[in-house]
2 protein chains.
Amino acid sequence: MVRRGPTLARQAALEILDGIRSGELAGEDGLLPSEAALSQRLGVSRATLREALSQLEHSGMIVRRHGIGTFVSRGQPLMESGLEQLESLETLARRTGVDSHMGQCDIEERVATRVEADALGLPAPVRVFAVERVMLSGERPVAYLIDVVPTDVLDPRQLRESFHGSVLDLLLERGDPPLQHSHTELCAEAASPELARAMRLEPGDPLLRLTAQLYTTDGRAVDYSVSYFSPGHFRFHVIRRVSQLAPPSGGWTTDRASDRAVDGIGKQGAAEPNASDRARETGDAARDPDAGDRELAAVSP
Amino acid sequence: MVRRGPTLARQAALEILDGIRSGELAGEDGLLPSEAALSQRLGVSRATLREALSQLEHSGMIVRRHGIGTFVSRGQPLMESGLEQLESLETLARRTGVDSHMGQCDIEERVATRVEADALGLPAPVRVFAVERVMLSGERPVAYLIDVVPTDVLDPRQLRESFHGSVLDLLLERGDPPLQHSHTELCAEAASPELARAMRLEPGDPLLRLTAQLYTTDGRAVDYSVSYFSPGHFRFHVIRRVSQLAPPSGGWTTDRASDRAVDGIGKQGAAEPNASDRARETGDAARDPDAGDRELAAVSP
DNA sequence: CAGTGGTCTAGACCACGAG
DNA sequence: TCGTGGTCTAGACCACTGT
């Protein structure tokens with residue numbers, strides 16, 4: 001019973017998706033079978049099925065209503081997602097049926113700038129490929145993309161042979177290194193004269209700028225990118241959820257903690273005699289487990 | 001053993017957070033106790049503990065490494081979050097230790113415009129409160145916020161008494177209706193003369209604009225807001241994850257599905273004799289279970 | 001190899017919504 | 001009251017990592 005491949009939950013999610021797409025699963029009111037029924041039908045435990053449903057819910061395909069049932073989401077053909085889903089511009093365009101192609105492209109091997117090395121979490125004198133290009137939709141420039149990748153992640157041959165506009169797609173296709181997430185910062189910026197020329201806009205026109213670091217599953221940054229988007233051509237959105245961690249106003253004190261036992265941390269002698277409050281500032285970035293999340297919304301007055 | 005209140009997992013997450021903050025849980029390398037140890041220490045099952053850790057991981061507080069352990073994230077004092085966490089500007093400012101207060105505020109009761117009614121998913125002639133104000137940091141205007149709320153969600157007394165700058169915080173404090181998520185669209189926009197005057201900028205200066213609809217747990221939209229942010233004062237980011245659903249390039253076929261049984265949907269006779277492929281287009285929005293996710297990144301060439 | 005996190009199961013009970 | 005999704009448990013086995 002070798003497993004290998006995607007998790008059971010993911011397989012189940014895709015099976016359900018198929019069932020929805022073909023119309024075999026949901027009634028015309030969009031109601032899916034109950035969790036018990038689905039789990040039996042798919043031959044998985046209810047826990048696994050729920051994990052699958054969670055994935056589908058998180059991508060917005062279904063909606064769950066306590067005490068009622070699980071429904072197929074309304075809206076256009078099952079297709080998904082906002083900014084929180086990491087995908088390339090090319091994939092986005094293909095998915096939404098829009099023509100897009102690469103305009104002028106400039107690949108250069110050089111030493112990383114200070115900012116780039118910082119963003120990648122690497123010591124300053126590191127060699128990188130810098131890829132700059134314009135993306136067009138029809139004849140109109142709609143985005144200007146810059147990627148900076150350490151040369152040990154991508155070699156020049158691969159880059160020149162397999163590159164068709166997206167570094168992300170290239171890495172995903174190769175499957176190595178395994179990618180996990182991207183930390184993307186958003187801001188508005190006025191077009192510089194150079195950018196304006198490349199994108200055929202007026203200098204000073206507002207652009208949406210995304211600055212991203214791409215991380216592998218083991219926390220290494222492998223791509224630093226800056227992207228400019230001409231307004232009106234793209235619509236980016238995010239689903240913002242109310243925090244699962246924030247206390248529900250007024251704060252609540254232990255009520256179950258009194259009869260259960262969720263209070264073992266600061267009270268009785270710890271099983272692990274750990275150190276004092278000494279702030280963690282050991283300056284080794286070598287086995288740093290994340291190396292670059294954090295510091296998210298900062299305000300500078 | 002009445003429960004009431006937050007889930008066990010959430011309590012556990014907060015306990016762990018406390019343990020991290022006080023420095024009692026992690027060694028100076030940031031390594032937390034193993035899941036087995038933690039679950040025993042907190043008196044919860046490992047499954048529940050893992051749910052708690054997942055919440056912490058999702059907010060970026062910890063990093064998990066298969067075969068190694070769970071680590072406290074690097075970065076400044078534990079404090080979190082990007083755009084995917086829904087919080088008010090006031091909360092953000094307080095959290096980051098920045099002074100912020102409301103400038104001129106204008107509350108008006110009127111009939112919703114077509115755009116507003118559409119965004120709220122309500123029939124056109126509906127009465128709303130429109131709240132417009134400038135947010136200042138020190139003396140500098142840093143954001144311009146507009147909220148539109150149906151009058152049946154908020155009554156004038158509450159609005160005038162409890163409003164201190166954030167409609168979101170007002171609703172969260174009241175706890176009713178229960179909020180779930182916000183669908184937020186981002187774009188860059190040049191400041192109009194009016195906006196420029198209110199924010200003491202030059203007309204044409206680039207602004208980041210967030211357009212959001214706020215939804216309750218039962219899928220009703222209760223707030224439509226447009227927010228403009230002066231560049232340089234805020235940093236917004238998003239964590240973009242590689243899709244859990246997308247096949248890992250090349251697609252994979254059943255490999256476990258052959259010995260397990262994840263294939264019950266399109267093959268043998270379904271337990272539920274459901275309808276044909278007839279597209280679901282029944283035009284009733286009444287009991288629509290989501291009414292407003294979807295259509296995310298669209299491109300208009 | 002031992003120890004860690006990752007996945008999965010079977011079963012239990014609770015909370016919610018509708019008839 | 002009944003059926004739904006929501007939470008929790010105890011235990012099992014797997015896959016990854018370091019030694």
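All chains are named by letter (A, B, ...) in the order of the sequence lines, taking the proteins before the strands, and each is independently numbered beginning at 1.
Between the C1' atom of dC14(C) and the CG atom of Leu8(B) lies a distance of 13 Å, rounded to the nearest Å. Across the protein-nucleic acid pair, Leu38(B) atom CG and dT4(C) atom C1' stand 12 Å apart, rounded to whole Å. Atom C1' of nucleotide dG5(D) and atom CD1 of Ile62(A) are separated by 11 Å, given to the nearest angstrom. For the pair Glu51(A) CD and dC8(D) P, the computed distance is 16 Å after rounding to whole Å. Atom-to-atom, CD of Gln40(A) to P of dT9(C) comes out at 13 Å; the value is rounded to the nearest Å. The interatomic distance linking Leu42(B) (CG) with dC8(D) (P) rounds to 13 Å, in whole Å. Leu53(A) places its CG atom 12 Å from the C1' atom of dG6(D), with the value rounded to the nearest Å. Atom-to-atom, CZ of Arg10(A) to P of dG6(C) comes out at 16 Å; the value is rounded to the nearest Å.
Across all non-hydrogen atoms, the minimal contact from Ala12(A) to Ala52(A) is CB-CB, 3.9 Å. Scanning both residues, Gly69(B) and Leu31(B), for their nearest heavy atoms gives CA-CD1, 4.0 Å.
For the pair Thr7(A) and dG6(C), the criterion of a side-chain N or O lying under 4.0 Å from OP1 or OP2 is not met. One finds no side-chain N or O of Thr70(A) lying less than 4.0 angstrom from the OP1 or OP2 phosphate oxygen of dT4(D).
The side chain to side chain contact (heavy atoms under 4.5 Å, CB included) test with Thr70(A) is passed by exactly one of Val63(A), Leu32(A), Leu38(A): Leu32(A).
When the nucleotides dG5(C), dC8(C), dT9(D) are ranked by their closest atom to the side chain of Glu35(B), dG5(C) comes out on top. Each of dG5(C), dT9(C), dA15(C) was ranked by its minimum atom distance to the side chain of His66(B); first place goes to dG5(C).
Taking OG from Ser88(B) and CG from Leu171(B), the interatomic distance works out to 11.0 Å, rounded to the nearest 0.5 Å.
Two residues are said to be in side-chain contact when any heavy atoms from C-beta on lie closer than 4.5 Å; Thr48(B) and Ser39(B) fail this criterion.
Nearer to the 5' terminus of DNA chain D, by closest-nucleotide assignment, is the contact made by Leu49(B) (compared with the other of Arg46(B) and Leu49(B)). Remark on DNA chain D: of its neighbouring residues Ala47(A) and Ile68(A), the 5'-side contact belongs to Ile68(A), judged by nearest-heavy-atom nucleotide. Mapping Arg64(B) and Gly67(A) onto DNA chain C by nearest heavy atom places Arg64(B) closer to the 5' end of the strand.
Within 4.0 Å of Ala9(A), counting heavy atoms only, lie sugar-phosphate atoms of the nucleic acid but no base atom.
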